[in-house]
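Here it is, the structure, as structure tokens.
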Amino acid sequence: MDIANTEDWRTNRELADIFTRMAGCYRYLGNTERFRAIAYERAARTLAGLPDDISTYATDTASLDRLPNIGEGIAERILEYLQTGHIATWDELQRQVPIPLLDIMEIQGMGPATTKSLHEALGIEDRQDLEDAIRDGRVSKLRGFGPKRLENIRKALKLDKESHGRLRLDTALRIGEDLLRQVRAIPCVIRAELAGSLRRRKETIGDIDILVTCAASGRKSIIRHFTRTPGVSRVLASGDTKASILLASPEVQADLRLVEPEAFGSAFLYLTGSREHNIRLRSLARERHGKINEYGLFGPDGKERLAGDTEASVYQALGLAYIEPELREDRGELDLAARNRLPSLVGVRDMRGDMQMHSVWSDGATDIATLASEALRRFPRYEYIVITDHSPSVRIARGIDPKGFRRQWKEIDRVNADIGRAFVKKGVEVDILADGSLDLPDDVLEGFEWVTASIHSGFRKDNTERLLHACRHRLVHGIGHPSGRLLMKREPYAVDWPAVFRSAAETGTSMEINAQPDRLDLRDDLARQAVAAGVRLTVSTDAHHPSQLDHIHLGISQARRAGCTRENILNTLPWAGVRRFRDAKASSYATR
Ligand code: DGT
Ligand code: CA
Ligand code: CA
Ligand code: ZN
């Protein structure tokens, strides 16, 4: 690995960050700047997904122009940044818009117009101002801020605060893997691994934990290197065997722990956690032997070392099968491991296709041919992808009408003809309307090879009824992002999950684990309940850009945390299997 290269990567991200914030400013400035906002958002997505450092494309504006979503104006900004380290327009925007307001704008129920009106009416400059103004009743005196609306904003603020300081899994993985590469390049490091919640692939991450093995003589220099990693804003602690640093933008702590190679397994086990899993292991060790800690598993005298060089050796000495990190949450995994009944977890390698994604026909960034070729390039094992553009009522997502879908099917046929097989499947993400009915008539729905039904509005309606309605519809094959939550922003809807899962199982309707990093919906514990109720799941990326096809890894990690095997996930089957699942529902309705 090459450290210079990881630093270059930071430029793509820095620029993407700036563009995202510029887009936020344009949103704040109002409708007249809407198109600029969209252009910068798209450019940010392109930058974040680039395989190489931006400077390799940036010989002149014309070469940048060839990148998707980078027009001439934005290309000029990129060159300006690479040459001067500044973007004049961005400096100017920072003078016009109170930047702390951009974070508030992201809070559910706020939005640009609301944020701006509160800034203008009450002089609100940041989050603290907003909280104060809600508390002392200044906001409730304004027009349009009734008790219900205020309560929702208050709830969203609270949720945002509770999750403050935690990072989404995708962000933490990116930063953690980057840091890991740098740690592995430090002289004297024998082995380095990510541990903690990141290794368990929890949906949000508090801090990054890295375990390193080295000889005692190498410790000092490793700690010195680690605390001088590029991007460190503060050294929080630095001792003989540990160090903690704070990385900037986004701010996150990283803990380094050094052990000798013999203790790798026990230290890895300890540092991976979870805390609750560790506590269970400790009491099991006490019952059977003596004690367990970072240095090993020891006999009753506390001295004889029974295991510790690998994790498996420790589990084995405790009479347990090896437990995958995603299962180490004290949700019954020790009992299963003792009886050798752990599930054999599904992996990305088992996936035969992706069941949900969007093209330019609705709110996706690329055309169908590009999605297909990118899916094949990234996942040569895939046998199909399902294009699921939005139905008409989802207006912000540029939903398609029936005529449009018929034209889209012709395009899909052409793309498949070029590929030489029916790789692209005709799907739809049809909106579940307020009363539980669907946004497209049956005769149109019949033309699709796969129908996912999702809720996109009216979140405070009776969503149990809406979801039950959708499950009972003979032409609905799956429910998309079933709980509607947005990580750290919006709680799942209030839904009677046992009732919905029962109905999904009875009617032969699948439920999705949506792999978008801000959704991960169904979340792990609900997915586990769904499977227990006999529901078949799908794992899909809901990609709006080809780079998001890689999110399948995030979705699968949540499926693993839910204890899913390959059999629990429909799209581990070839398309013929998906078709059987779909047709089984149709024929059970035909005979009713
Ligand atoms: P996070 O960082 O909040 O997302 O969650 P973790 O699980 O990464 O927690 P962290 O970073 O505080 O600690 C890393 C691991 O170290 C944790 O998973 C288990 C272990 N550990 C930390 N503190 C304790 C403790 O007090 N008791 C036990 N048994 N294990 C601990
Ligand atoms: Ca951690
Ligand atoms: Ca930690
Ligand atoms: Zn959707």
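When a ligand or atom number is given, it counts from 1 through the structure's own listing order. Since the model is a prediction, treat every value here as computed from it, not as a measurement.
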Numbered atoms of ligand 1 (with element) below 4.0 Å of T272, judged on heavy atoms =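 The list of qualifying atoms is 18 (O).
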
Minimum-distance protein heavy atom relative to atom 20 (C) of ligand 1 =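 Looking at atom 20 (C) of ligand 1, the protein heavy atom closest to it is Y270 O, 3.3 Å.
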
What's the shortest heavy-atom distance between E311 and T272, and which atoms?
->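 Shortest heavy-atom contact: OE2-OG1, 4.2 Å.
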
Determine whether any heavy atom of H277 lies closer than 4.0 Å to an atom of ligand 1.
->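 No; H277 lies far enough from ligand 1 that no heavy-atom distance drops under 4.0 Å.
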
Presence of salt bridge, E177 and R181, under 4.0 angstrom =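 Here R181 does not pair with E177 in a salt bridge, since their nearest N and O are not under 4.0 Å apart.
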
Atoms of ligand 1, numbered as shown, that sit under 4.0 Å from any heavy atom of R200 |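 Answer, ordered by atom number: 7 (O), 18 (O).
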
Are any of the heavy atoms in I208 under 4.0 Å away from ligand 1?
->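 No, I208 has no heavy atoms under 4.0 Å from ligand 1.
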
Neighbour count >12 (heavy atoms, 6.0 Å) for atom CD, Q316 =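 Not more than 12 within 6.0 Å, no.
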
Atoms of ligand 1 less than 4.0 Å from N278 heavy atoms?
->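 Atoms satisfying the 4.0 Å criterion: 19 (C), 20 (C), 29 (N), 30 (N).
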
Below 4.0 angstrom from a heavy atom of I205, which ligand 1 atoms are there? Numbered from 1 as shown, please.
->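 Answer, ordered by atom number: 4 (O).
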
If you have a sec, read the angle at the Zn ion (ligand 4) from H481 atom NE2 over to H456 atom NE2, to 10 degrees.
->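 Vertex the Zn ion (ligand 4), arms to NE2 of H481 and NE2 of H456: 100°.
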
Relative to ligand 1, is R166 under 4.0 angstrom through side chain, backbone, both or neither, heavy atoms considered?
->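 It is the side chain that touches ligand 1; the backbone stays farther off.
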
Does ligand 1 have an atom under 4.0 Å from some heavy atom of R275?
->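 Yes.
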
Going by an N to O cut-off under 4.0 Å, is there a salt bridge joining R485 and E203?
->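 The answer is yes: the pair qualifies as a salt bridge.
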
Closest contact, heavy atoms only, R466 versus L433 =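 Heavy atoms of R466 and L433 come nearest at NE-O, 3.1 Å.
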
Below 4.0 angstrom, N of the basic side chain to O of the carboxylate: do R219 and E260 qualify?
->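 Yes, this pair counts.
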
Closest approach of any protein heavy atom to atom 15 (C) of ligand 1, naming residue and atom |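 Of every protein heavy atom, L271 O, 3.2 Å lies nearest to atom 15 (C) of ligand 1.
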
Have a look at D209 and say which of its N, O or S atoms is nearest the Ca ion (ligand 3).
->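 Result: OD1.
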
Polar atom proximity, T204 to ligand 1 (N or O, under 3.5 Å) =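 In fact, backbone or side chain, T204 has no N or O that close.
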
Where is the tightest heavy-atom contact between T541 and H551, given as atom of each residue plus distance?
->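 The answer is CG2-C, 4.1 Å.
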
Aromatic plane relationship, Y315 with Y322 - under 30° parallel, 30 to 60° tilted, over 60° perpendicular |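 Perpendicular: the ring planes of Y322 and Y315 meet at over 60°.
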
Protein heavy atom at shortest distance from atom 18 (O) of ligand 1 =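 In this structure, atom 18 (O) of ligand 1 has G273 CA, 3.2 Å as its nearest protein heavy atom.
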
Write out the residue and atom name of the closest protein heavy atom to atom 8 (O) of ligand 1, then the distance separating them to 0.1 Å.
->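 The closest one turns out to be S197 N, 2.8 Å.
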
Looking at R331, R200, R201, which one forms a salt bridge (Lys or Arg N to Asp or Glu O under 4.0 Å) with D524?
->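 Output: one option passes, namely R331.
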
Should E429 and H358 be marked as a side-chain hydrogen bond (donor to acceptor under 3.5 Å, both in side chains) after you check the CA-CA gap, both sets of side-chain angles, and the distance that decides it?
-> CA-CA 9 Å; E429 182 180 15; H358 299 267; 3.1 Å; yes

Output yes if E429 passes the N/O/S-under-2.8 Å test against the Zn ion (ligand 4); output no otherwise.
->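 So E429 does bind the Zn ion (ligand 4) by this criterion.
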
Proximal atoms of ligand 1 relative to G196 (non-hydrogen, under 4.0 Å) =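 So the atoms of ligand 1 that pass are 8 (O).
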
May I ask you to list the atoms of ligand 1 that are less than 4.0 angstrom from any heavy atom of R282?
->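 By the 4.0 Å cutoff, the relevant atoms are 27 (N), 28 (C), 29 (N).
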
Are side-chain N/O atoms of D442 and H473 paired as donor and acceptor at under 3.5 Å?
->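 H473 and D442 do have a side-chain donor-acceptor pair below 3.5 Å.
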
Answer yes when K242 and D255 have at least one side-chain N-carboxylate O distance shorter than 4.0 Å, and no when they do not.
->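 Here K242 does not pair with D255 in a salt bridge, since their nearest N and O are not under 4.0 Å apart.
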
For S233 against A248, the heavy-atom pair lying closest together =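 Closest pair (atom of S233, atom of A248, distance): CB-CB, 4.0 Å.
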
In the protein, what heavy atom is nearest to atom 11 (O) of ligand 1, and what distance, to one decimal place, separates them?
->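 Minimum-distance protein heavy atom for atom 11 (O) of ligand 1 reads D207 OD1, 2.9 Å.
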
At the Ca ion (ligand 3), what's the angle from D207 OD1 to D255 OD2, rounded to 10 degrees?
->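 Reported to 10°, the angle equals 110°.
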
What atoms of ligand 1 come within less than 4.0 Å of a heavy atom belonging to G206?
->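 Counting from 1, the qualifying ligand atoms are 1 (P), 2 (O), 3 (O), 4 (O).
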
